[in-house]
Engineer: 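This is the structure, below, for whatever I ask next.
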Number of protein chains: 2
Amino acid sequence: MLPELKIQPLRYVLAIVDAGGFHAAARQLHRTQPAVSMAVRELEQRLGEPLFEKGGKATLTPFGAYCLPRFRELITQHDRLSRELLAQVHQQAGHVDMAAVPSVASRLMPRLLGDFIHRYPELRVSLQDGNAEFVRRLVAGGEVELGITSLWQQDDSLAFTPLMRDAVGVVCRDDHSLAGRDSLSWEALQGQVLIRNGTSRLLEGTDAEPLLVESAFDISNMISLTAMLVAGIGITTLPRLAFPEEYERLRFIPLVDPQVERELGLLRSGQRSLSPAAQAMEAFVIESLRPGAAAGP
Amino acid sequence: MLPELKIQPLRYVLAIVDAGGFHAAARQLHRTQPAVSMAVRELEQRLGEPLFEKGGKATLTPFGAYCLPRFRELITQHDRLSRELLAQVHQQAGHVDMAAVPSVASRLMPRLLGDFIHRYPELRVSLQDGNAEFVRRLVAGGEVELGITSLWQQDDSLAFTPLMRDAVGVVCRDDHSLAGRDSLSWEALQGQVLIRNGTSRLLEGTDAEPLLVESAFDISNMISLTAMLVAGIGITTLPRLAFPEEYERLRFIPLVDPQVERELGLLRSGQRSLSPAAQAMEAFVIESLRPGAAAGP
DNA sequence: CCTGTCGGTAAGAAACCCTGATCGATTCAT
DNA sequence: ATGAATCGATCAGGGTTTCTTACCGACAGG
């Protein structure tokens with residue numbers, strides 16, 4: 001029912017009008033004159049009405065004059081779309097939705113995102129933060145394309161690229177009896193008031209696991225946790241990156257027996273592919289946080 | 001530089017998404033499945049980025065999801081244009097600019113335009129009126145597509161289709177000495193106070209030409225002319241159609257010696273072709289005002 | 001394990017679009 | 001006038017695009 005208008009013949013019509021003839025148009029279109037003639041005639045009989053007068057010169061019919069601005073409009077919209085998609089593909093435009101665990105979001109991302117938007121000034125980034133499970137769920141559900149987190153359980157539908165290892169240590173106030181140590185073994189912590197937090201599960205399955213059953217509190221909120229530590233109510237364990245260095249009275253002492261680490265990495269969907277902007281972000285993150293390592297599956 | 005997006009592959013993408021698969025889409029597009037697959041792949045490599053995930057099912061990539069509404073938008077605009085142009089061609093939409101001499105405009109056009117818009121309810125008409133020279137100039141200059149007028153001088157660049165002959169007669173007040181006659185010869189008018197008007201040139205070149213030199217007035221405005229006639233100041237000659245029948249005191253007496261007629265017809269540009277709407281009007285006018293005559297060159 | 005459905009691939013056929021040569025008409029200069 | 005130049009139209013042909021037919025491998029459900 002509806003005739004399919006192809007873009008190119010419409011361009012020919014515009015060219016004929018503003019070049020003032022079929023020959024001149026053909027020249028500027030890098031086509032031969034018959035190509036232009038035939039394309040126009042094809043278009044005319046598809047519309048069922050001539051666009052140019054038959055006699056001699058290239059003059060628009062009234063119908064042609066009616067069509068002209070509309071052709072121009074459709075071509076403009078086509079070109080706008082084409083340009084826009086190309087910009088997306090070439091990472092000169094676009095948007096990345098991502099998520100990270102709080103320690104990464106607050107300690108690594110500010111610098112990283114600053115560098116990123118310096119490298120890709122046209123791209124936009126949205127960052128959410130939440131615990132590892134939250135990040136995993138956002139990535140798995142497609143609500144964000146990338147997550148930076150530690151991986152608890154294996155998931156075939158998600159792809160995890162390790163970026164860095166983050167050692168767990170003990171955090172206490174500077175006047176605590178352990179505060180002067182360079183390193184600790186788990187036995188030294190026995191009998192201490194241990195405050196559990198969201199990262200304490202890292203100790204599960206290690207020699208230090210017995211400590212967890214002794215812990216009196218379980219505080220997931222970081223502000224509350226630091227408040228309790230500063231108040232000298234107890235001690236806790238945290239990965240190095242999660243240790244809030246802005247509190248002068250808190251000390252971080254590495255745990256060496258057992259050595260416990262979390263592995264931070266980039267999480268993405270295993271089946272869904274990435275938008276061009278997210279591809280740029282993925283490569284940028286890997287390059288930034290894993291210096292001297294090539295990307296690989 | 002810019003890739004040319006053809007409309008059809010975009011349609012394929014939409015169909016794949018809302019049919020939920022390549023096979024189903026191919027069915028509803030009346031194509032085979034490989035045709036759809038290949039068209040999509042062609043589009044993908046033209047964009048430089050896949051639209052659908054590779055593995056198994058037909059799932060959009062994030063880039064594909066980004067493209068989808070934009071494809072839909074471009075297709076919508078294409079179809080809107082296509083539909084609109086088709087409506088123009090099929091005379092289901094459009095606009096006719098035309099002009100007519102005052103007698104035609106006031107006596108024939110109201111009825112004719114009423115019938116026309118009843119026949120073509122979607123079309124719109126603009127009508128200007130003015131003397132024959134004015135009408136001719138509008139048509140020649142392309143400001144209107146059609147004129148209904150009498151033709152003074154031949155003009156190769158204009159096409160004139162005769163519609164009706166309009167006999168000239170004498171107009172006088174009902175108490176005038178000639179008012180009772182059924183017909184008149186020019187000699188009977190000698191010695192009368194003759195008022196010239198815009199149509200008096202019709203008498204030039206006829207036996208009645210001597211009357212013109214006797215005329216005391218030359219009044220082009222119709223209101224003024226009728227006022228003078230009603231006041232009994234003189235008589236005039238007018239074509240039948242230009243005789244203002246709404247004035248009860250005025251009489252029209254046919255001039256039979258010589259028989260003078262003007263030929264009213266449809267005027268259009270000889271080189272410029274007509275818009276579809278104007279074509280409809282042209283045919284309608286010819287059919288309405290020249291009953292029982294087929295259209296000719 | 002077989003079977004139906006999915007999408008991808010290969011080869012040939014049809015349609016499409018372009019080129020090169022040529023034509024008739026018009027215009028312009030001689 | 002008449003010949004040259006330029007205009008757009010036309011036609012045969014070949015190269016590309018885009019379809020169809022036939023077949024493949026992957027996967028899911030009975």
Side-chain angles (χ1 to χ4, degrees), chain A residues 3-47 49-61 63-65 68 75 78 82 156-157 270-273, chain B residues 2-47 49-61 63-64 75 156-157 269-273:
Chain A
E4 275 276 332
L5 307 177
K6 309 211 186 94
I7 299 295
Q8 215 173 15
L10 306 189
R11 270 189 220 287
Y12 287 5
V13 172
L14 294 207
I16 291 166
V17 170
D18 78 44
F22 284 61
H23 276 94
R27 228 170 293 125
Q28 88 174 43
L29 291 165
H30 308 294
R31 291 283 126 79
T32 57
Q33 170 263 320
V36 177
S37 282
M38 295 171 82
V40 169
R41 200 156 45 78
E42 213 282 328
L43 175 59
E44 284 176 339
Q45 59 199 45
R46 192 172 293 215
L47 291 173
E49 188 76 17
L51 296 165
F52 291 93
E53 299 292 356
K54 300 297 158 53
K57 292 291 184 285
T59 319
L60 285 170
T61 60
F63 179 66
L68 192 64
I75 290 175
H78 166 277
S82 181
D156 292 354
S157 77
Q271 32 226 0
R272 200 175 318 226
S273 57
Chain B
L2 284 186
E4 276 275 333
L5 306 177
K6 308 207 188 98
I7 299 295
Q8 213 172 18
L10 306 190
R11 270 190 221 286
Y12 287 6
V13 172
L14 293 207
I16 291 167
V17 170
D18 80 44
F22 285 62
H23 275 95
R27 228 170 293 125
Q28 87 175 44
L29 291 166
H30 307 293
R31 290 281 127 78
T32 57
Q33 169 263 319
V36 177
S37 283
M38 295 169 79
V40 169
R41 200 153 45 79
E42 214 282 328
L43 174 60
E44 284 176 339
Q45 58 200 45
R46 191 172 294 214
L47 291 173
E49 188 76 18
L51 296 165
F52 291 93
E53 299 291 355
K54 299 298 159 51
K57 293 292 185 283
T59 317
L60 284 170
T61 60
F63 179 66
I75 291 175
D156 292 353
S157 76
S269 165
Q271 36 232 353
R272 202 174 316 229
S273 58

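Predicted model, so just to flag it, every value in this text is computed and none were measured.
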Engineer: Has B/Ser37 got a side-chain N or O lying under 4.0 Å from the OP1 or OP2 atom of C/dG7?
Structural biologist: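 So the side-chain polar atoms of B/Ser37 never come under 4.0 Å of the phosphate oxygens OP1 or OP2 of C/dG7.
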
Engineer: To the nearest Å, give me how far apart CD1 (B/Ile16) and C1' (C/dC6) are.
Structural biologist: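 That distance rounds to 13 Å.
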
Engineer: Keeping A/His78 on the side-chain end and A/Ile7 on the backbone end, is there a donor-acceptor pair under 3.5 Å?
Structural biologist: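 Not at all, since once roles are kept as given, no pair shorter than 3.5 Å links the two residues.
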
Engineer: In this structure, how many angstroms lie between the C1' atom of C/dG7 and the NZ atom of B/Lys54, rounded?
Structural biologist: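 Checked: the NZ to C1' distance equals 13 Å.
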
Engineer: Between A/Arg41 and D/dG8, is there a side-chain N or O to OP1/OP2 distance below 4.0 Å?
Structural biologist: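 A/Arg41 to D/dG8 OP1/OP2: no side-chain N or O under 4.0 Å.
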
Engineer: List the residues meeting salt bridge (charged side-chain N to carboxylate O under 4.0 Å, His left out) with A/Arg11, not counting sequence neighbours, and say none if there are none.
Structural biologist: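 Applying salt bridge (charged side-chain N to carboxylate O under 4.0 Å, His left out) to A/Arg11 gives A/Asp79, B/Glu4.
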
Engineer: Using residues 12-34 of chain A as the side-chain source, report each donor-acceptor pair under 3.5 Å to any protein atom, sequence neighbours left out, with the distance given to one decimal.
Structural biologist:
{"residue": "A/Tyr12", "atom": "OH", "partner": "A/Arg31", "partner atom": "NH1", "Å": "3.2"}
{"residue": "A/Gln33", "atom": "NE2", "partner": "A/Ser37", "partner atom": "OG", "Å": "3.0"}

Engineer: May I ask you to verify if any side-chain N or O of A/His23 is less than 4.0 angstrom from the OP1 or OP2 atom of D/dT6?
Structural biologist: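 Answer no for this pair, as no side-chain N or O of A/His23 is under 4.0 Å from OP1 or OP2.
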
Engineer: Tell me every residue that passes side chain to side chain donor-acceptor pair (under 3.5 Å) with B/Arg46, counting only those two or more places apart in sequence or in another chain.
Structural biologist: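 B/Arg46 satisfies side chain to side chain donor-acceptor pair (under 3.5 Å) with B/Glu42 once adjacent residues are dropped.
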
Engineer: Nearest 0.5 Å please: distance from the CG atom of A/Leu43 over to the NZ atom of A/Lys6.
Structural biologist: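 Here the rounded value is 10.0 Å.
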
Engineer: So, for A/Ser157 and A/Gln271, which heavy atoms are closest and what is the spacing to 0.1 Å?
Structural biologist: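 It is CB-NE2, 3.7 Å.
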
Engineer: Would you indicate whether the side-chain heavy atoms of A/Phe63 and A/Leu51 approach each other to under 4.5 Å?
Structural biologist: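 Yes. Closest side-chain heavy atoms under 4.5 Å.
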
Engineer: Scan nucleotides 25-30 of chain D nucleotide by nucleotide, 5' to 3', and note B when protein non-hydrogen atoms come under 4.0 Å of the base, S if they reach only the sugar-phosphate, - if neither.
Structural biologist: ------

Engineer: Would you list the pairs meeting salt bridge (charged side-chain N to carboxylate O under 4.0 Å, His left out) in which at least one residue belongs to residues 49-59 of chain A, sequence neighbours left out?
Structural biologist: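 Found none.
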
Engineer: Figure out the CD/C1' separation between B/Gln33 and C/dT5, and round it to whole Å.
Structural biologist: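 Between C1' of C/dT5 and CD of B/Gln33: 11 Å.
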
Engineer: Is the side chain of A/Ser82 donor-acceptor paired with the backbone N or O of B/Pro3 at a distance under 3.5 Å, no angle test?
Structural biologist: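 Answer holds: yes.
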
Engineer: What is the separation between atom CD on A/Glu44 and atom C1' on D/dT10, rounded to the nearest whole Å?
Structural biologist: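 Taking atom C1' of D/dT10 as the reference, CD of A/Glu44 is at 15 Å.
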
Engineer: Tell me the interatomic distance from A/Leu29, atom CG, to D/dG8, atom P, rounded to whole angstroms.
Structural biologist: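 From A/Leu29 CG to D/dG8 P: 13 Å.
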
Engineer: Could you check how far CD of B/Glu4 sits from P of D/dT17, rounded to whole Å?
Structural biologist: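 Whole-Å distance recorded here is 13 Å.
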
Engineer: Can you give me the N/O atom pairs linking the protein to nucleotides 10-17 of chain C at distances under 3.5 Å, or say none if there are none?
Structural biologist:
{"residue": "C/dC17", "atom": "OP1", "partner": "A/Lys6", "partner atom": "NZ", "Å": "3.0"}

Engineer: Calculate the interatomic distance between A/Phe22 atom CZ and C/dC23 atom C1'; express it in whole Å.
Structural biologist: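 Whole-Å distance recorded here is 17 Å.
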
Engineer: Rounding to an integer number of Å, can you tell me how far B/Leu43 CG sits from D/dC19 P?
Structural biologist: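 After rounding, the reported distance stands at 12 Å.
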
